[in-house]
Enquirer: 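Below: one structure in structure tokens.
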Amino acid sequence: MASSSSPVQVLYESGKSDSDKKRFRSQENYDDEIIVSPEQNENQERPVKRRSDSSYEQSVEERLLGPREREAEPNSIKEKLKQERKTLRIYGYRDVLLEAVESNQVVVIVGDTGCGKTTQIPQYLYEAGYGKKGRIGCTQPHGFTARSAAARVSQEMGVKLGHDVVGYSIPFEDCTSEKTVLRYMTDGTLLHQLYGEPELISYSVLMVDEAHERTLSTDILVGLLKDILPSRTNLKLLISTATLDCAEKICELFDSALVLDIRILSHYPPHHQDDHVFYLEATEANNYLEANYLDAAIRTALEIHENEPSGDILVFLTDRDEIEVAAQQLHQPHQLSICPFYENMPAELEAQFFETTPKGVRKVVLATSIAETFWPTKAGVNYVVDSGFCKNKSYDPSSEKERLQLTRISKASAMLRGSQALLGKCFRLYKRNDHGNPKPEVQRSNLTNVVLTLRHLGVNDSTRFHFLDPPPTEALRKASQLLFALGALNNVGELTEVGERMAEFPVDAMLSKAIVASDQYKCSNEVISIVAMLSAGDHDSVFHHPEDKQVDADNARMHFHSGNVGDHIALLKVYNEWKDANYSAQWCHENYIQIRTMKRARDIRDQLERLLEKVGIELSSNPFDIEPIKKAITSGFFAHSAKVQKTSYIPVKQPPKNLHIHYRSGLARMLPKCVLYHELDLETNQYMRQVTEINSEWLQEVAPYY
DNA sequence: CTCTCCCTT
């Protein structure tokens, strides 16, 4: 173990006798963080994400209304829900809010996550008659919040979800009908709806919720709404945010907007004032630099275990590696049951969440920031350890490389993390108010698809678009350059027919181009399968390789690579064999394939197939010749081609830099002359993932201007 | 001889 000369070590030893008090200072002043709102108390379910699970909707309803309540008189349920609505904090602002909307086109609402605005405001608007003038839309950054809000609202209104006035529309799930007036959806869904309804003519009110998350879709949507509002004078816009900073930016964008801060005026009974959040003392916090927060988190968890009453612990770390390190170190003390929790976790680990730990055994959940919003069991945890960090994808436009970057979490994230410890304590491994200010996604993303979407919606000069925060000009320029090379823009910068078609597909522009190109190579049937597989998950989420069965898993994987067909064709073979096995779960298990990824690929593929018809591409198939398939892929990915040089690769066009085929590729150590890759690893940007051999002459054929 | 946070059209 580390010697006692390490500042962290000393720190922890000094704190041993008196538990947290020495290291952590409780919040002294009242601060509206970590509010236990009535809604949070009532509506505690945080279901684990189950993509494409058709039984999900029902299970949400069942959780919202326990079995006993379902049997009770419908009227008494209705009465109970009606009373509950009045206890919500937001209820006190009902009239103020409606008045504000009546006399202003744009209203910004500042309120904490979970204060009831998502479920209540659309209902207030409906009750005030806005539903008679058009639809009431409410957008969310995430599909599952849209779905659970709609489920809750349909309960409160006593209507059947999706068959009456309340519905929702999220990826792969359209739960609406002609009767739907109150519609919950994701920002992305609404953005796509703008393709067919540029002025959102069917809506009378729109509420853009959780704008402070600053997702790509939210930012683009808000910018577009700025343009739409002048000609839609009878359209009301509400934007909600948890932070004042974001509210100010929105006000700046819309020349006149009314800001309603529903946090300040609220009053809480004393027991809701929190004395359960502990921060590091300033001098100690300075020791917690990026280098040792993992160590600090592990030690804090152990100290909680030694000094605090029973209750499960949730530790927020940043990635899978850290979780595995922490799991190993915490494994030693008995009476600790360790649960890892991260996206794309193997199914067998997921099962641990639902196992009840034996009496006297404390559960420690080691999670990434996924646990800020998803929570697999109904039971909460008593203790939260917040490292204060997360990992974020970032894009450098000048090198055109994507990387994962360690980032300090925002105040909003810290609040979400802390709110998981409703009745216990939250230990933050940083100073009070020492939050990060993460860049909005639009400033750290590859903008190719953003520019394509904007063009498709008639925004011809993206540098003059109303961004809440402008992206680097270089990123916009690089995006236009790639779109030109792909043939989506012509030499005067107009969207071409190819570009129009590409914009319809909900996948990355280069994949979208491959689909459009598959028309001329008569293999759209195969290409949409490959595109769906590549879009379904990142890197290794298709093949499963458990620690203890590496050899078996490798053998299973290599079966799809027979003939050295390349990783793209291997993915096609995986999809087709799964389909031939009737989409069987057993087949996935036997072949070490992750069924979650496959189900998602199937959903995406179905969607792509429907869109082929929309853009006039015939579903064509040439299963016995892989060359046309590879050519179609090359039409999208010529920019990712590399030529062999001795034992490594150099990009065909771009500053010299050696690349290697990733060891998990079917072509690892094969050294084909010329290859194309889907992506580079985010850590070193040196390893090509998903590699296929191509003929270098094709490059001239598919991208003469590149 | 290396291995990527979380979302979403």
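Note that these values count all heavy atoms, side chains included, but never hydrogens, waters or copies made by symmetry. The structure displayed is predicted, hence computed values, not measured ones. By convention in this document, chain letters (A, B, ...) are assigned in the order of the sequence lines, proteins followed by strands, and residues within each chain are numbered from 1.
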Enquirer: Between A:Leu608 (CG) and B:dT8 (C1'), how many Å, whole number?
Expert: 14 Å
Enquirer: Measure from the side-chain heavy atoms of A:Lys391 and tell me the nearest of B:dT8, B:dC7, B:dC5.
Expert: B:dC5
Enquirer: For B:dC5, does either OP1 or OP2 sit under 4.0 Å from a side-chain N or O belonging to A:Thr368?
Expert: no
Enquirer: Can you identify which nucleotide, out of B:dC3, B:dC7, B:dT8, has its nearest atom closest to the A:Arg600 side chain?
Expert: B:dT8
Enquirer: Can you tell me how far P of B:dC3 sits from OH of A:Tyr663, to the nearest Å?
Expert: 8 Å
Enquirer: Rounding to a whole Å, what distance do you find between A:Gln405:CD and B:dC5:C1'?
Expert: 12 Å
Enquirer: Can you tell me how far P of B:dC7 sits from CD1 of A:Ile409, to the nearest Å?
Expert: 16 Å
Enquirer: Heavy atoms under 4.0 Å, any strand shown: does A:Ser217 hit a base, just sugar-phosphate, or nothing?
Expert: nothing
Enquirer: In whole angstroms, how far is the P atom of B:dT8 from the CG atom of A:Asn344?
Expert: 13 Å
Enquirer: How is A:Tyr342 classified with respect to the nucleic acid when contacts are heavy atoms under 4.0 Å: base, sugar-phosphate, or nothing?
Expert: sugar-phosphate
Enquirer: Without decimals, in angstroms, what is the distance between A:Leu216 CG and B:dC7 C1'?
Expert: 10 Å
Enquirer: Tell me what A:Ile170 touches on the nucleic acid: a base, only sugar-phosphate, or nothing, going by heavy atoms under 4.0 Å.
Expert: sugar-phosphate
Enquirer: Any cation-pi pair here, A:Arg135 with A:Tyr203, using under 6.0 Å and within 45°?
Expert: yes
Enquirer: Is the cationic atom of A:Arg408 (NZ for Lys, CZ for Arg) positioned less than 6.0 Å from the six-membered ring centroid of A:Phe389 and within 45 degrees of its normal?
Expert: yes
Enquirer: Grab the CG-P distance between A:Asn685 and B:dC3 for me, whole Å please.
Expert: 12 Å
Enquirer: Using a heavy-atom cut-off of under 4.0 Å over every strand shown, decide if A:Thr215 touches base, sugar-phosphate, or nothing.
Expert: nothing
Enquirer: Would a line drawn from the ring center of A:His435 to the ring center of A:Tyr430 be shorter than 6.0 Å?
Expert: yes
Enquirer: Do you know which two heavy atoms are closest between A:Gln686 and A:Asp681, and how far apart they sit?
Expert: N-OD1, 3.0 Å
Enquirer: Take A:Gln607 and A:His662, find for each the nucleotide of DNA chain B with the closest heavy atom, and name the residue whose nucleotide sits nearer the 5' end.
Expert: A:His662
Enquirer: Which part of the nucleic acid, if any, lies within reach of A:Asp319 when heavy atoms closer than 4.0 Å are counted: base, sugar-phosphate only, or nothing?
Expert: sugar-phosphate
Enquirer: Once you round it to whole Å, what is the distance between P of B:dC1 and CD1 of A:Ile661?
Expert: 13 Å
Enquirer: Would you indicate what A:Leu682 reaches in the nucleic acid, counting non-hydrogen atoms under 4.0 angstrom: base, sugar-phosphate, or nothing?
Expert: base
Enquirer: So, taking the atom named NE2 in A:His212 and the one named OG in A:Ser240, what distance separates them when rounded to the nearest 0.5 Å?
Expert: 7.5 Å
Enquirer: As a test of reading the structure: which of B:dC3, B:dC5, B:dT8 is closest to the side chain of A:Thr186, going by heavy atoms?
Expert: B:dT8
Enquirer: If you check the A:His142 side chain, which of B:dT8, B:dC5, B:dC3 turns out closest?
Expert: B:dT8
Enquirer: Which residue is it: A:Arg605, A:Arg602, A:Glu609? I am looking for the one with a side chain to side chain donor-acceptor pair (under 3.5 Å) to A:Ser529.
Expert: A:Arg605
Enquirer: Of the options B:dT2, B:dC5, B:dT8, whose atoms approach the side-chain atoms of A:Leu404 most closely?
Expert: B:dC5
